[in-house]
Amino acid sequence: MSTLTIFNSLTREKTAFTPIDPDHIRLYACGPTVYNYAHIGNARMAVVFDLLANVLRSLYPKVTYVSNITDVDDKIITAHLETGAPIAEITEKFTRIYNEDMASLGCKTPDIQPRATTHIEEMITLIKSLIERGHAYEPEPADGHVLFNVPSFENYGGLSGRSRDEQIAGARVEIASYKKDPADFVLWKPSKDDEPGWESPFGPNNGRGRPGWHIECSAMAEKHLGLPFDIHGGGADLKFPHHENEIAQSCCAHGHNNLDAFAKYWMHNGFVTVEGEKMSKSLGNFTLAHDLLEKYDGAVLRIALLSAHYRKPLDWSEQALHQAQKQYDRIAKALKMLEKFETRQIPPESDVLNALCNDLNTPAAFVALNNLVNRINEPDTPKGSTLKSIIISTLDLLGIEPPDVAQAENEHVNTSEFEGLLQERTQAKADKNWARADEIRDELTAHGYKIIDTAEGPKLEKL
RNA sequence: GGCGCGGUGGCAGAGUGGCUAUGCAGCGGAUUGCAAAUCCGUGUACACCGGUUCGACUCCGGUCCGUGCCUCCA
C-alpha cells in the first residue's frame with residue numbers, strides 16, 4: 001500500500017502522514033466567501049483539496065472532508081449595499097453557483113459544507129471560553145467588540161514564522177484605539193441596525209453583532225471534526241493572519257499551548273498568476289471559472305489547474321489551456337479506441353497513486369497517466385477491458401471526468417445539408433479528379449467547415 | 001523594513017549527487033491524392049560566481065533577477 005507524504009506548513013518540511021485515527025481521516029479546508037463568482041484562482045483551492053480527499057479515500061476506510069461557506073462578511077454586506085439584493089439572496093445564489101462550478105471542475109461536494117451563519121452559537125461559546133481563560137477581552141467601555149489578545153498566546157506566529165515584533169514593525173493596519181495590543185484581532189463586533197447581527201452576551205443592544213472572520217473556522221472545524229484533526233488546508237494567503245488566528249483561538253479556548261493541538265498538518269496551495277502576478281480581484285486580472293466553463297470542458301480546466309505542483313505558482317494562459325485541452329484529447333482518443341470494451345471495478349494505476357502520495361505531485365501523476373494512455377499504442381499490450389478499466393479508475397482518482405466518447409462523435413456536424421457536395425467529392429476522388437475534390441473542400445471551408453476523411457467516409461467539423 | 005518562495009531545453013513543468021521525466025510547439029519520417037488525425041524518430045536544459053566532492057542542475061556560501069505574505073484575498 002502506498003503511504004502518503006505531505007509538506008506540513010507547520011514544520012516546513014515534507015513528512016510522512018500519520019493519521020490520528022487511521023480508521024477516520026479528518027480534513028478541513030477554508031472555503032469561499034460567497035459574495036461573487038469564483039475566479040480560477042479560487043478554484044485551485046477547491047480542486048487541490050478535492051484531489052487530496054480523493055487520495056485519502058483511496059488510502060483509508062473513512063474520510064470526512066469539511067469545507068465551509070462564509071456567508072457573513074463585510075464584503076457580502078458591501079455587495080448587498082451596492083446591488084440592493086437581500087443578503088440571503090446573495091449568499092444563496094453564489095453558494096449555488098460555486099458548487100455548480102466546482103462540480104463542473106470535477107470536485108465532489110465536501111462531506112460537510114457548514115455555513116458560518118448556522119454556527120453562531122458555537123462561535124459565541126468559543127469566544128466566552130476565550131474570555132474566561134483570559135485570552136480575549138471586551139474593551140472599556142464595552143461597545144460590542146470582543147478582541148483576542150495576541151500576547152496571551154505564547155506561540156503566536158508559529159505557522160507563518162513571524163514574531164510579534166516583526167508584525168508590529170511591518171504593520172500597515174491602522175491600529176484601533178480599543179486594542180490592548182496592536183496585533184489583537186476581532187472575535188466579535190457590533191452590528192448596525194441595517195447590518196446582519198445576532199444576539200450575544202457581548203456589549204450593549206443585547207450584544208447584537210456578528211463574528212469576526214477567523215472564529216468561524218475554529219468553531220466549525222471543531223464542531224464537525226473534533227480536536228485535534230488531521231489536516232487543515234487553504235490558500236497560501238490565508239496562512240497569515242487567518243490560519244494563525246484560527247490556531248490561536250482554538251488552542252487558547254481549550255488551554256493548549258502547542259500549535260498542533262488544533263490541526264496536525266497544514267497544507268497551503270499556491271496562487272494562480274497572470275503573467276507572473278497573482279490573480280486577484282483587486283488587480284482585476286482574474287478570469288472567472290464560470291466564464292471559462294462556457295468555453296472549456298471542466299475536466300480541461302481541472303487538468304490545467306493540476307498541471308503545476310499545488311504549492312507552486314501556476315501561470316494561467318491560453319497556452320496552458322491549450323496544453324490541457326490536448327492532454328484531455330489524448331485521453332479521449334485512447335478511450336475511443338477502447339470504446340467497445342466493458343469496464344469493471346479495478347484499482348487505479350499505481351504509478352499515478354504513488355505520485356499523488358508524494359505530496360500531491362500532480363505533474364508526475366500526469367506523466368504516469370500519459371504512460372498509461374500511451375499503452376494503447378504498444379503492440380504487445382493487451383488492449384481491452386483491463387486497460388480501459390484502469391484508465392477510467394485512474395481518471396476517477398484524479399477527479400477527471402472521462403471524456404464522453406459518444407458525445408464527441410456527435411460534435412461532427414450533421415452532413416445532410418452538404419450531402420450532395422460530399423457525395424460529389426467522393427465521386428471526384430474516385431475519378432481521381434483532384435481539382436474538383438479540392439474545389440469542394442474550398443467551398444465547404446467558405447461555409448466554415450472542414451472536411452475530414454475517415455474510414456467511415458467524409459465528416460465535417462466546424463472550423 | 002521583516003518573513004517566505006522560486007529561477008530547468010522555444011514554452012509549460014517534474015526530478016535526481018553520477019542513468020536526465022512528461023506535455024505543448026518545432027523538425028525529420030511513415031501513412032494519406034491533398035488535408036486532418038494518428039504513429040515512429042528527434043532536443044544533454046538546469047540564472048551567475050565561488051566552495052565541498054572522484055563527480056553537482058542536484059549539497060554549502062555569495063550575487064543578480066522574479067514573485068508572495070505582512071491589509072480583505074484561494
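Each chain gets a letter, A, B and so on, in the order the sequences are listed, and its residues count up from 1. Treat the numbers as computed from the prediction; the structure is a model and nothing was measured. For the numbers below, each heavy atom of this structure counts, side chains included, while hydrogens, waters and symmetry mates do not.
Nucleotides B:rC48 and B:rU58, compared at atom P, are 10 Å apart to the nearest Å. Rounded to the nearest Å, the gap between the C1' atom of B:rG1 and that of B:rG17 is 38 Å. A gap of 13 Å separates the P atoms of B:rU16 and B:rG6, to the nearest Å. Between B:rU8 and B:rA14, the distance separating the two P atoms is 11 Å to the nearest Å. As rounded to the nearest Å, B:rC11 and B:rA25 have P atoms that lie 16 Å from one another. Comparing the same atom, P, in B:rG13 and in B:rG50 gives a spacing of 30 Å after rounding to whole Å.
Remark: B:rG1 base-pairs with B:rC70; criterion is Watson-Crick or G-U wobble with both hydrogen-bond distances under 3.5 Å. The partner of B:rU42 is B:rG26, judged by Watson-Crick or G-U wobble contacts that both fall below 3.5 Å. Shown here, B:rC19 forms no base pair; nothing in the strands shown gives a Watson-Crick or G-U wobble contact with both key distances under 3.5 Å.
No hydrogens or angles were tested; on distance alone, a donor-acceptor pair under 3.5 Å links the side chain of A:Arg441 to the base of B:rC34. Judged by atom type and distance alone, A:Asn361 does not reach the base of B:rG15 through any side-chain donor-acceptor pair under 3.5 Å. Side-chain atoms of A:Gln323 come within donor-acceptor range of the base of B:rG23, with a qualifying N/O pair under 3.5 Å.
Contact detail for A:Tyr37 and A:Lys281: the closest heavy-atom pair is O-NZ, 3.0 Å. Nearest heavy-atom pair across A:Gln327 and A:Asn370 is NE2-OD1, 2.7 Å.
The phosphate of B:rA21 has neither OP1 nor OP2 within less than 4.0 Å of any side-chain N or O from A:Asn371. Put simply, A:Lys278 has a side-chain N or O that comes within less than 4.0 Å of OP1 or OP2 on B:rC69. For A:Arg330 and B:rG23, the shortest distance from a side-chain N or O to OP1 or OP2 is below 4.0 Å. Of the side-chain N and O atoms in A:Lys312, none sit less than 4.0 angstrom from OP1 or OP2 of B:rG68. Listed pair A:Asn370 / B:rG23 fails the phosphate criterion, with no side-chain N or O lying under 4.0 Å from OP1 or OP2. An OP1 or OP2 oxygen of B:rU38 is reached within less than 4.0 angstrom by no side-chain nitrogen or oxygen of A:Asn377.
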Might you work through the salt bridge (charged side-chain N to carboxylate O under 4.0 Å, His left out) test for A:Glu82 and A:Lys75, ending with a clear yes or no? CA-CA 10 Å; A:Glu82 280 172 359; A:Lys75 289 192 290 283; over 6 Å; no
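Taking the nucleotide of RNA chain B with the nearest heavy atom to each of A:Trp434 and A:Ser280, the more 5' of the two is matched to A:Trp434. Where A:Ile451 and A:Gly235 each meet RNA chain B at their nearest nucleotide, the meeting point lying more 5' is that of A:Ile451.
When side chains are defined from C-beta on, A:Tyr265 does not count as touching A:Thr11, because their heavy atoms never get closer than 4.5 Å.
In the displayed structure, A:Lys108 atom NZ is contacted under 6.0 Å by more than 12 heavy atoms of other residues, nucleotides or ligands.
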